[in-house]
Number of protein chains: 2
Amino acid sequence: MSERAIHRQTGVPARKRDGNGAARPNDADEIDLDALVGHAGYAVRRFQIWIFQDFVKTLSEVDIRPTQYSAMTVIGANPGLTQMAVAKRLGIERARLVHLLDSLESRRLVKRIKSKADRRSHALHLTAQGTTALAKFKRLAAEHERHVEAKIGKENREHLLRILACFT
Amino acid sequence: MSERAIHRQTGVPARKRDGNGAARPNDADEIDLDALVGHAGYAVRRFQIWIFQDFVKTLSEVDIRPTQYSAMTVIGANPGLTQMAVAKRLGIERARLVHLLDSLESRRLVKRIKSKADRRSHALHLTAQGTTALAKFKRLAAEHERHVEAKIGKENREHLLRILACFT
DNA sequence: TATTGTTATACTCTATAACTATA
DNA sequence: TATAGTTATAGAGTATAACAATA
């Protein structure tokens with residue numbers, strides 16, 4: 001056996017020459033991220049992917065994704081909002097919100113009511129079923145939040161929320 | 001003029017009844033985010049969108065997006081990496097990386113070299129032109145990073161990097 | 001004229017599955 | 001049989017533009 005480091009899982013040499021004159025550190029923990037380590041955006045993107053996947057997994061039994069959850073939460077707390085208001089508040093394209101509400105409405109979680117004051121717009125409400133469901137979604141989302149806490153630490157999570165409060 | 005609060009920009013009444021019995025706080029700063037304020041994922045998502053857009057805008061003159069930048073940076077610092085190694089290290093699907101490299105290769109920024117050691121794989125390198133270009137991309141990315149610093153503060157940015165270091 | 005909701009299009013990104021050529 | 005790269009597909013998300021109904 002060579003004196004060269006062997007990858008723990010694959011048993012493949014961690015580094016070798018390929019005949020093109022370049023070292024090939026194809027073992028993930030040896031690859032230099034270079035400038036990326038100083039970019040907040042890179043860390044945030046990786047974190048966001050982790051959070052997204054944990055959220056989807058934790059709420060998989062109710063089949064609710066983050067954007068659906070955020071829309072229902074805002075509608076639940078502010079019954080009667082128009083689609084424009086929800087879209088602006090959450091930073092979602094109004095065209096995108098149409099499909100999102102279509103899916104929630106077809107599941108009888110949300111309803112659109114024609115506004116009498118401005119007949120162009122809809123007043124958004126949770127259905128009775130939607131209200132019950134949202135309570136469960138919130139319990140599962142709180143469980144997801146505990147996963148975040150376990151991953152980065154209680155104080156770090158709270159600090160993060162304070163740092164990013166200006167974006168909400 | 002009514003005594004009711006008027007929206008600063010639109011001059012539209014901030015709150016009104018729509019005849020469906022529900023208050024409609026359709027003014028963005030009056031809408032209650034409810035449980036969302038306690039979710040790290042919501043804040044992170046909003047932050048990530050802001051960062052993404054600022055990055056794309058700051059690097060628009062060179063037409064480079066965050067994922068392209070991260071791939072070129074890693075290839076530049078680790079010449080000879082295989083596609084699999086880059087994909088795993090950056091958390092990109094290997095199928096997605098194919099198209100990403102196609103576009104970089106067609107712009108003569110990156111080249112694939114058939115590996116002699118394992119003829120299934122490619123060794124990735126920057127071209128001379130790619131090396132020069134990456135230096136400019138890095139200068140612009142540093143400028144973007146200063147925008148982040150200006151937005152959340154120097155210390156908060158550094159703290160954020162430390163908190164999220166475990167995801168890079 | 002401007003706005004709300006809608007439809008449509010295009011492009012990015014994520015997530016798979018399957019194919020090929022190699023190992 | 002397993003892996004690297006590729007191709008293809010589907011769904012989510014982003015970014016536009018245009019249209020009908022209404023203001």
Side-chain angles (χ1 to χ4, degrees), chain A residues 7 9-13 16 18 24 26 45-46 48-53 55-57 60 63-71 80-88 90-105 110 112-124, chain B residues 7 9-13 16 18 24 26 45-46 48-57 60 63-71 80-88 90-103 105 110 112-124:
Chain A
H7 189 288
Q9 295 177 322
T10 62
V12 164
K16 54 186 174 183
D18 69 352
R24 298 201 295 127
N26 284 320
R45 172 179 157 261
R46 298 298 301 257
Q48 218 252 321
I49 291 171
W50 184 92
I51 275 201
F52 207 87
Q53 290 174 342
F55 187 100
V56 169
K57 192 173 147 195
S60 61
D63 191 25
I64 285 289
R65 297 172 64 80
T67 323
Q68 297 174 312
Y69 174 75
S70 64
L81 285 181
T82 63
Q83 296 184 193
M84 273 304 294
V86 171
K88 274 187 190 163
L90 295 179
I92 304 170
E93 285 297 318
R94 71 183 202 269
R96 164 97 193 99
L97 189 60
V98 172
H99 302 296
L100 199 141
L101 290 173
D102 285 350
S103 79
L104 293 176
E105 200 168 28
V110 162
R112 292 164 161 115
I113 299 177
K114 285 262 179 196
S115 167
K116 288 166 191 162
D118 181 344
R119 289 166 54 218
R120 291 171 304 182
S121 68
H122 296 151
L124 300 173
Chain B
H7 189 288
Q9 294 178 323
T10 63
V12 163
K16 55 185 174 184
D18 69 352
R24 295 199 299 128
N26 285 320
R45 173 179 156 260
R46 299 299 301 256
Q48 219 253 320
I49 290 170
W50 184 92
I51 274 201
F52 206 89
Q53 290 174 341
D54 184 84
F55 187 100
V56 170
K57 192 172 148 197
S60 62
D63 191 25
I64 285 290
R65 297 171 63 81
T67 322
Q68 296 174 313
Y69 174 74
S70 64
L81 285 182
T82 62
Q83 296 185 193
M84 273 303 294
V86 171
K88 274 186 189 163
L90 295 179
I92 303 170
E93 286 297 318
R94 73 183 201 267
R96 165 96 194 98
L97 188 61
V98 171
H99 301 296
L100 201 143
L101 290 174
D102 284 350
S103 79
E105 201 168 27
V110 162
R112 291 164 160 116
I113 298 178
K114 284 264 178 198
S115 167
K116 288 166 190 162
D118 182 342
R119 288 165 55 219
R120 290 173 304 182
S121 68
H122 295 151
L124 300 173

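Letters A, B, ... are given to chains in the order of the sequence lines, protein chains preceding strands, and every chain is numbered from 1.
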Can you tell me how far [atom2] of [N] sits from [atom1] of [X], to the nearest Å?
X      : N      : atom1 : atom2 : result
A/R65  : D/dG11 : CZ    : P     : 12 Å
A/Q48  : C/dT12 : CD    : C1'   : 14 Å
B/L101 : D/dA4  : CG    : P     : 15 Å
B/L100 : D/dG5  : CG    : C1'   : 15 Å
A/L90  : D/dG13 : CG    : C1'   : 14 Å
A/D63  : D/dG11 : CG    : C1'   : 12 Å
A/L97  : C/dT7  : CG    : P     : 13 Å
B/Q68  : C/dT12 : CD    : C1'   : 11 Å

request  = Sugar-phosphate atoms are those with a prime plus P, OP1 and OP2; base atoms are the rest. Using that split, label each nucleotide of nucleotides 14-23 of chain C B, S or - for protein heavy atoms under 4.0 Å, 5' to 3'.
outcome  = BBB-B--BBS

query = By side chain to side chain contact (heavy atoms under 4.5 Å, CB included), which residues pair with A/T67, not counting sequence neighbours?
reply =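 Only A/S70, A/I92, A/L100 meet the side chain to side chain contact (heavy atoms under 4.5 Å, CB included) criterion with A/T67.
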
key: Sequence-distant partners of B/S60, side chain to side chain contact (heavy atoms under 4.5 Å, CB included), two or more places apart   =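 So B/S60 forms no side chain to side chain contact (heavy atoms under 4.5 Å, CB included) with any residue.
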
inquiry  = Can you list everything that forms a salt bridge (charged side-chain N to carboxylate O under 4.0 Å, His left out) with A/R94? Sequence neighbours excluded, please.
reply    =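 With sequence neighbours excluded, A/R94 shows a salt bridge (charged side-chain N to carboxylate O under 4.0 Å, His left out) to no residue whatsoever.
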
request  = Quick one: list whatever passes side chain to side chain donor-acceptor pair (under 3.5 Å) with B/R65, sequence neighbours left out.
outcome  =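 B/R65: no side chain to side chain donor-acceptor pair (under 3.5 Å) contacts found.
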
key: Counterpart residues, side chain to side chain donor-acceptor pair (under 3.5 Å), relative to B/Q83 (two or more places apart)   =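 Scan of B/Q83 (side chain to side chain donor-acceptor pair (under 3.5 Å), adjacent residues dropped) gives B/R112, B/H122.
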
task = May I ask you to verify if any side-chain N or O of A/Q83 is less than 4.0 angstrom from the OP1 or OP2 atom of C/dT6?
result =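 For C/dT6, OP1 or OP2 has a side-chain N or O of A/Q83 closer than 4.0 Å.
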
message = Quick one, A/V86 and A/L124 - any side-chain contact, counting heavy atoms below 4.5 Å?
response =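 In contact.
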
